[in-house]
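Read the structure below first, then the notes.
In what follows, every chain begins at residue 1, and chains take the letters A, B, ... in the order their sequences are listed.
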Protein chains: 2
Amino acid sequence: MDAAESLCADRRLRLTPVRRRVLELLLAAPKAQGAYDVLSGLNRDAPPRQPPAAYRALDFLVAHGLAHRIERLNAYVACASPGSTHRPAFLICRACDRVAETPDLTPDRLKREADAQGFRIEATVVEAVGLCPACAP
Amino acid sequence: MDAAESLCADRRLRLTPVRRRVLELLLAAPKAQGAYDVLSGLNRDAPPRQPPAAYRALDFLVAHGLAHRIERLNAYVACASPGSTHRPAFLICRACDRVAETPDLTPDRLKREADAQGFRIEATVVEAVGLCPACAP
DNA sequence: ATCGAAATGTTACACTATAACAGAACCGTC
DNA sequence: GACGGTTCTGTTATAGTGTAACATTTCGAT
Ligand SMILES: [Zn+2]
Ligand SMILES: [Zn+2]
Ligand SMILES: [Zn+2]
Ligand SMILES: [Zn+2]
């Protein structure tokens, strides 16, 4: 949280109350939170909010590296090391939905990292997004 | 398609008309197809089908390695090399949604593979699914 | 104080996915 | 060829995820 504070200060980003609260919720959660989980969290405070409020805050956090979206779960987690640009790998437990973030690493190191944590990988998804030759500028 | 035929024959899997048709649709499509795209494709034939028909066929194809689900797009593509167990990486163009499947490779080879194809990676998602220490049997 | 940009509120809707149960088709055995 | 279990399909309804569009407010700088 402190890291997020100073990061936003450095970059002149506005960590508004809603965004701050959403980040707190993600940090406090033991597992990845869907957008509507976050929304319920917000609405445990007052006043009641609508879906866009949650999505906007989450988009902000993801865009600036304070949180990650787990495509597989349609859910979000707070980043484990905000500030540094990184391409993390996530270890997602299919039983409890807990998500561990591993630091930037090359793919063959992924298995060793998982082994070290006692995590048994059953499937891995690698998705790269970018521009194909036909669409490159 | 022939590969799918023989693969199903070998494994005593039933490549029923619906499943066959869905695979044909995926193979014919230039880009990843959402479940409802597939459903529209099915309904261009008769008789009209409902969402579960598409999802069931897609689940079957994915389960047996004839297709892959692209989490990022909530969409599906036909597998480029069915039969072989593999952990492919997908190159997803954010502009045209075309998806290229790269063969099983280690992550540092991903960049080289992409470079060779003239594909400019802008973001990569690595998601591993399995069992965390707390949930392991 | 004023103005433009950024953020939020609000309504309504689109897209994605599954539960639950009924019926039909398939496949082996007797 | 009739049973009987299994797998596949049909059908209805509903749950879950995400966004478009526009009004309103807040912020920060001239
Ligand atoms: Zn991170
Ligand atoms: Zn677990
Ligand atoms: Zn494949
Ligand atoms: Zn493209």
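- Across the protein-nucleic acid pair, B:Gln50 atom CD and C:dA17 atom P stand 17 Å apart, rounded to whole Å.
- Atoms CZ (A:Arg21) and C1' (C:dT8) sit 18 Å apart, rounded to a whole Å.
- Distances shorter than 4.0 Å separate none of the side-chain N or O atoms of B:Asn74 from OP1 or OP2 on C:dC15.
- Rounded to an integer number of Å, the gap from B:Leu13 CG to C:dC26 C1' is 15 Å.
- Between B:Arg56 and the phosphate of C:dA17, there is no side-chain N or O to OP1/OP2 separation shorter than 4.0 Å.
- If you measure from atom CZ of A:Arg14 to atom C1' of C:dA6, you get 5 Å, rounded to the nearest angstrom.
- Using a 4.5 Å heavy-atom cutoff, the side chains of A:Val77 and A:Leu26 are not in contact.
- Side chain of A:Gln33 to main chain of A:Lys31: a donor-acceptor pair is present (N/O by atom type, distance under 3.5 Å, no hydrogens or angles).
- A straight line from CZ of A:Arg11 to P of C:dA6 spans 18 Å, rounded to a whole angstrom.
- Atom CD of B:Gln33 is separated from atom P of C:dT16 by 11 Å (rounded to the nearest Å).
- Not a single donor-acceptor contact under 3.5 angstrom links the side-chain atoms of B:Tyr36 to the base of C:dA14.
- Across all strands, A:Arg69 comes closer than 4.0 Å only to sugar-phosphate atoms, never to a base (heavy-atom distances).
- At the heavy-atom level, B:Arg49 lies under 4.0 Å from the strands shown only through sugar-phosphate atoms.
- Residue order along DNA chain D, read from the 5' end via each residue's closest nucleotide, puts B:Ala57 first among B:Ala57 and A:Leu73.
- For the OP1/OP2 pair of C:dA17 and a distance below 4.0 Å, the side-chain nitrogens and oxygens of B:Tyr55 include at least one atom meeting the criterion.
- Within 4.0 Å of A:Phe60, counting heavy atoms only, lies no atom of the nucleic acid at all.
- Nearest-nucleotide mapping onto DNA chain D: of B:Pro51 and B:Thr16, the residue sitting toward the 5' end is B:Thr16.
- Close placement of the B:Phe90 and B:His68 rings is indicated, their centers lying within 6.0 Å of each other.
- With a heavy-atom cut-off of 4.0 Å to chain B, the contacted part of DNA chain D has its first and last nucleotide at D:dT7 to D:dT12.
- A:Asp37 places a side-chain N or O within donor-acceptor distance of the main-chain N or O of A:Gly34, the cut-off being under 3.5 Å.
- Within the 4.5 Å cutoff, the side chain of A:Glu101 has no heavy atoms near those of the A:Leu91 side chain.
- Separating the CZ atom of A:Arg12 from the P atom of C:dA6 is a distance of 16 Å, rounded to the nearest angstrom.
- When heavy atoms are screened at a 4.0 angstrom cut-off, B:Arg19 is found touching the sugar-phosphate backbone but no base atom.
- Residues B:Cys8 and B:Leu66 are in side-chain contact: their nearest non-hydrogen atoms beyond the backbone lie under 4.5 Å apart.
- Side-chain contact between B:Arg20 and B:Glu5 is present, with heavy atoms from C-beta onward closer than 4.5 Å.
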